[in-house]
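If you're wondering where the values come from, they're calculated on a predicted model, not measured in any experiment.
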Amino acid sequence: MYQVVRARLSVLRCAVRTTWRRRAGRRDAGMVTSEYAMGIVAAVAFAVVLYKVVTSGAVSAELQGIVKQALDARM
């Protein structure tokens, strides 16, 4: 019984070491500050373009027509 428990603990210890070694190699996962900044700039640029499109005359009139039609619908 003692030998079985000792063997299982040895296997578990080996698995834990392997997991820690794998994680140590991936510590640099994720974005750095400059990548966050570029992502924010791209998101803001997309938001500005979307705002300009939605507030343009044709799109604004179409959206108002859709809302008016929805409010005037009979229930």
Practice task
Treating Ile, Leu, Val, Met, Phe, Trp and Tyr as nodes and any side-chain heavy-atom pair under 4.5 angstrom as an edge, say whether Ile40 and Val48 lie in one connected cluster.
Solution key: yes

Problem - Side-chain donor or acceptor of Ser56 paired with backbone N/O of Val53 under 3.5 Å - result: yes

Exercise for the section: Give, for atom OG1 of Thr55 and atom CG of Leu50, the distance between the pair rounded to the nearest 0.5 Å. Expected result: 9.0 Å

